[in-house]
There are 2 protein chains.
Amino acid sequence: MESASVVRALGALAQEHRLAAFRLLVQAGPDGLAAGTLAEALDIAPSSLSFHIAQLANAGLVSQRRAGRSILYAADYDAMADLMGFLTENCCGGMPCAPAQCKPAKPSEKDVA
Amino acid sequence: MESASVVRALGALAQEHRLAAFRLLVQAGPDGLAAGTLAEALDIAPSSLSFHIAQLANAGLVSQRRAGRSILYAADYDAMADLMGFLTENCCGGMPCAPAQCKPAKPSEKDVA
DNA sequence: TTGATATTTCAATAATAGTTGAAATATCCT
DNA sequence: AGGATATTTCAACTATTATTGAAATATCAA
């Protein structure tokens with residue numbers, strides 16, 4: 001991941017409404033949420049939501065697809081993981097770093113195998 | 001960690017020079033680097049570095065201390081870990097998330113036990 | 001104290017970001 | 001086709017961000 005894309009991704013998340021939107025999408029799962037739903041949840045004008053979600057999309061943090069007259073946005077978990085990877089990769093460069101740095105929701109048995 | 005501080009931290013990192021400065025400090029370790037050293041490494045004016053590093057400090061991502069006529073800045077590893085924690089905590093909310101999401105310098109056997 | 005070094009503060013300017021409402025585009029339903 | 005719904009695009013405006021150079025502050029060394 002290039003530094004420029006990291007800056008874009010961080011910039012996309014560094015705004016109240018966009019961070020909130022992204023969290024809603026992360027929690028919503030792969031099906032995502034409609035633009036209108038997000039605008040309503042965030043209590044901002046549709047054009048404003050469109051402006052913000054476009055930046056998340058441009059940063060590659062969310063994907064979009066049409067479903068009827070709605071456009072559904074969904075979090076891109078791979079991009080999220082890449083961003084985390086970049087930051088953590090450059091963290092702890094030999095230094096003693098906080099061990100609880102990563103907090104997956106569930107450690108899950110399948111990964112231990 | 002509050003959403004507002006996360007936005008501030010992300011915003012602090014979402015800029016070419018600041019991201020570069022932070023990475024240099026992360027790699028430099030606890031001793032940190034002098035403001036002048038950073039300005040030179042990033043090839044920007046001292047006043048510009050001062051402007052940027054102040055934002056990283058304001059976001060709590062770096063600490064500062066005087067050493068002679070120099071002011072040394074150092075990465076705050078705890079703040080970094082907190083930021084990671086906030087983001088990963090809200091990632092994978094029950095969803096199947098990329099397992100390679102976290103990349104500590106060393107996976108280390110002690111965690112497998 | 002004087003002069004040199006290291007950094008910050010300030011003011012001015014240029015560029016970017018965010019909001020709003022109106023108009024344009026796409027889809028659905030009858 | 002015609003009307004309603006969902007979203008985006010556009011233009012105008014305000015606010016914030018980044019850069020520069022000059023002046024101010026703090027430290028050191030003679």
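The chains referred to below are lettered A, B, ... by the order of the sequence lines, with proteins before strands, and numbering in each begins at 1. For clarity, every value in this text was computed on a predicted model and none was experimentally measured.
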Pairwise side-chain hydrogen bond (donor to acceptor under 3.5 Å, both in side chains) hits with a residue in residues 33-48 of chain B, at least two apart:
none
Polar side-chain atom of B:Q15 near backbone of B:R18 as donor-acceptor pair, under 3.5 Å
yes
Is there any ring-ring contact (aromatic ring centres under 6.0 Å, His included) pair reaching into residues 48-75 of chain B, and which pairs are they, with sequence neighbours excluded?
B:H17-B:H52
Using a cut-off of strictly less than 4.0 Å between a heavy atom of the residue and any atom of DNA chain D, enumerate the qualifying residues of residues 46-61 of chain B by number.
B:S47, B:S48, B:F51, B:H52, B:Q55
Applying side chain to side chain contact (heavy atoms under 4.5 Å, CB included), name anything that partners A:A20, two or more places apart in sequence or on another chain.
A:L42
Specify the residues of residues 2-22 of chain B, ordered by number, for which at least one heavy atom lies under 4.0 angstrom from an atom of DNA chain D.
B:Q15, B:H17, B:R18
So the contacted stretch of DNA chain C, first to last nucleotide with an atom under 4.0 Å from a non-hydrogen atom of chain B, runs from C:dA4 to C:dT9
Tell me, please, which residues at least two apart from B:D76 pass side chain to side chain contact (heavy atoms under 4.5 Å, CB included).
B:D78, B:A79
Which residues satisfy the side chain to side chain contact (heavy atoms under 4.5 Å, CB included) test with A:A41, sequence neighbours excluded?
A:L24
Close N or O pairs between protein and nucleotides 1-5 of chain D (under 3.5 Å):
{"residue": "D:dT5", "atom": "O4'", "partner": "A:R69", "partner atom": "NH1", "Å": "3.0"}

Those residues at least two apart in sequence (or on a different chain) that pass side chain to side chain contact (heavy atoms under 4.5 Å, CB included) with A:L10 are A:V6, A:L83, A:L87, B:L10, B:L13, B:A14, B:L19
Rounding to 10°, can you tell me the angle the first-five-pair axis of the helix from C:dT1-D:dA30 to C:dT30-D:dA1 makes with its last-five-pair axis?
30°
In numerical order, the residues of residues 33-45 of chain A whose heavy atoms come under 4.0 Å of DNA chain C are none
